Amino acid sequence: MQKEYWERVVGYAIERVKQGLTPNPDVMCNRLIKFGAFEELIGRHYDRCATGHYATTVEKDGLVWLGTAKDPVKDQTDFLAQLTYEQLRHTIFPIGHLMKEEVRQIALDAHLPSARRRDSQGICFLGKINYNDFLRKFLGEQEGRIIDIETGKVVGRHRGYWFHTIGQRKGLGLSGGPWFVVKKNVRKNIVFVARGWDTDLQYGHDFRLADLHFITANPWHEAPTDIPIQFKIRHVDHFLPGFITLDEKGYHIHSDEPIQGIAPGQFGCIYDADHRICYGSGEIGL
């Protein structure tokens, strides 16, 4: 499925980066390849497909919902939140009710060669390839200014806005930091930064979802107004409390807690108030 992979996932990632967004190829790989192209070619011939993702399924109201894993650190529902209902209904997650150390022990007891293998990290399609080298191959380099957003002064140079994402700290090559990327001007190839661990400019309390994809069904019978939820905007080991509202501009998420590094293009993943069920996700808008 290499051809499908490069056309559907890599093409998506490159196009989003060119737009100044921060894509999540792993999310789209699950929907389009592992549960998409695979299902079209092979999976449809079988009653169920089992996968090693840390997730569960929950039966409620006669429907199947994506449930979070027992292990909050390994929970991967944010990577699965773009699945369709048919994809979810056809899948079982046999390790979702186990902690990671329990899975390791089962593998050791069974003498599996992968029992002590290190956890995979990074972007699915890169392997051992450096992400910036990958972007450089397809988008090249173009020198631009790094500007302190508070003073307007040029504090450094970069090789292309596509190498930088909102909330980034490392790799800027600036002294006197810490510095954080807080904004980008794609048209002028400018990266804006703010200095200090406690700068409010790297935090926000609100974001919008360009389009909220519901895996199973819309859980709200009426348009939600300040409905309590839990959410994630990146793959972390905890959920954030917030409120969801639907207005004329779409779905709006607010949290009383500060949210670090809200990056347009990433996926906002929405859960019920007990973070037991994952409703779906949507791309964070500009």
Side-chain angles (χ1 to χ4, degrees), residues 1-46 48-55 66 76-93 119-142 159-166 168 184 186-187 189 209-216 232-235 250 263-270 278-286:
M1 294 179 284
Q2 292 183 19
K3 181 175 182 290
E4 292 88 346
Y5 187 90
W6 279 87
E7 289 178 350
R8 302 183 193 185
V9 179
V10 179
Y12 147 83
I14 293 171
E15 186 57 36
R16 287 296 195 275
V17 171
K18 285 171 62 177
Q19 296 173 21
L21 303 173
T22 303
N24 193 322
D26 294 320
V27 171
M28 301 311 290
C29 178
N30 278 323
R31 175 168 179 165
L32 301 176
I33 304 300
K34 294 178 182 177
F35 295 82
F38 176 82
E39 179 72 12
E40 297 165 11
L41 292 172
I42 300 170
R44 62 189 177 88
H45 298 297
Y46 295 84
R48 291 286 188 274
C49 288
T51 173
H53 288 91
Y54 282 83
L66 178 62
Q76 293 177 297
T77 50
D78 50 321
F79 290 136
L80 302 170
Q82 281 285 308
L83 295 187
T84 67
Y85 184 64
E86 288 304 314
Q87 289 171 334
L88 175 66
R89 193 171 64 170
H90 193 227
T91 305
I92 56 176
F93 303 104
D119 290 358
S120 60
Q121 294 183 355
I123 297 172
C124 58
F125 62 77
L126 289 184
K128 297 181 180 179
I129 301 174
N130 179 274
Y131 184 52
N132 282 347
D133 290 342
F134 167 78
L135 293 178
R136 189 176 293 108
K137 176 181 178 180
F138 289 95
L139 300 178
E141 293 184 353
Q142 182 181 350
R159 296 178 181 272
Y161 65 81
W162 46 88
F163 293 116
H164 303 284
T165 185
I166 304 300
Q168 175 185 340
K184 294 187 289 186
V186 173
R187 186 172 62 85
N189 192 28
L209 299 178
D211 182 29
L212 179 50
H213 164 75
F214 293 105
I215 302 169
T216 298
K232 289 183 180 183
I233 62 167
R234 60 176 59 85
H235 186 59
Q266 285 278 41
F267 284 95
C269 192
I270 307 303
C278 175
Y279 292 141
S281 67
E283 195 175 76
I284 298 174
L286 292 168

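Every value quoted in this text rests on a predicted model; they were computed, and no experiment measured them. For the single chain, residues carry numbers from 1 onward in sequence order.
Looking at Ser281 and Asp78, their side chains never come closer than 4.5 Å, going by heavy atoms from C-beta outward. Side-chain atoms of Phe93 and Leu66, non-hydrogen and from C-beta on, do get closer than 4.5 Å to each other. The shortest side-chain heavy-atom distance between Glu86 and Glu39 does not fall under the 4.5 Å cut-off. Within the 4.5 Å cutoff, no side-chain heavy atoms of Gln266 are placed close to those of Ile233. Asn24 places a side-chain heavy atom less than 4.5 Å from the side chain of Phe79. Counting heavy atoms from C-beta outward, Tyr5 and Val10 have side chains that approach closer than 4.5 Å. Contact annotation: the side chain of Phe163 approaches that of Glu141 to within less than 4.5 Å [non-hydrogen atoms, C-beta and beyond]. Counting heavy atoms from C-beta outward, Gln19 and Val186 have side chains that stay 4.5 Å or more apart.
His164 approaches Gln168 most closely through the heavy-atom pair CA-OE1, 3.0 Å. Shown here for Leu212 and Gly282, the closest heavy-atom pair between the two residues is CD1-N, 4.0 Å. Shown here for Cys29 and Val9, the closest heavy-atom pair between the two residues is CA-CG2, 3.8 Å. Of all the heavy atoms in Gly140 and Trp162, the pair that sits closest is O-NE1, 3.1 Å. Contact record, Thr77 with Cys269: O-SG, 4.3 Å, taken as the closest heavy-atom pair.
Judged by distance alone, with hydrogens and angles left aside, the side-chain atoms of Glu4 form no donor-acceptor pair with the main-chain N or O of Ala37 at under 3.5 Å. Judged by distance alone, the side chain of Arg16 and the main-chain N or O of Pro23 form no donor-acceptor pair under 3.5 Å. Without hydrogens or angle criteria, His90 side chain to Tyr46 main chain gives a donor-acceptor distance under 3.5 Å.
Going from atom CG of Leu83 over to atom NZ of Lys34 covers 11.0 Å, rounded to the nearest 0.5 Å. Distance CD/Gln87 to CG/Leu80: 10.0 Å, rounded to 0.5 Å. Annotation: the span from Glu283 atom CD to Leu21 atom CG amounts to 6.0 Å, rounded to 0.5 Å. With values rounded to the nearest 0.5 angstrom, Lys18 atom NZ is found 8.0 Å from Tyr161 atom OH. Of the inter-residue distances, the one linking Ile92 atom CD1 with Arg48 atom CZ reads 7.5 Å to the nearest 0.5 angstrom. Atoms CG and CD1, on Leu209 and Ile284 in that order, are 6.5 Å from each other to the nearest 0.5 Å.
With sequence neighbours excluded, the residues forming a side-chain contact (heavy atoms from CB on, under 4.5 Å) with Arg234 are Val236, Gln260, listed by chain and number. Partners of Lys137 by side chain to side chain donor-acceptor pair (under 3.5 Å), not counting sequence neighbours: none found. Under the side chain to side chain donor-acceptor pair (under 3.5 Å) criterion, Thr165 pairs with Thr22, not counting sequence neighbours.
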Test log, rule side chain to side chain contact (heavy atoms under 4.5 Å, CB included), inputs Thr51 and Phe35:
CA-CA 10 Å; Thr51 173; Phe35 295 82; 4.1 Å; yes
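Inspection of the Asn30 and His53 side chains reveals an N or O donor paired with an N or O acceptor under 3.5 Å.
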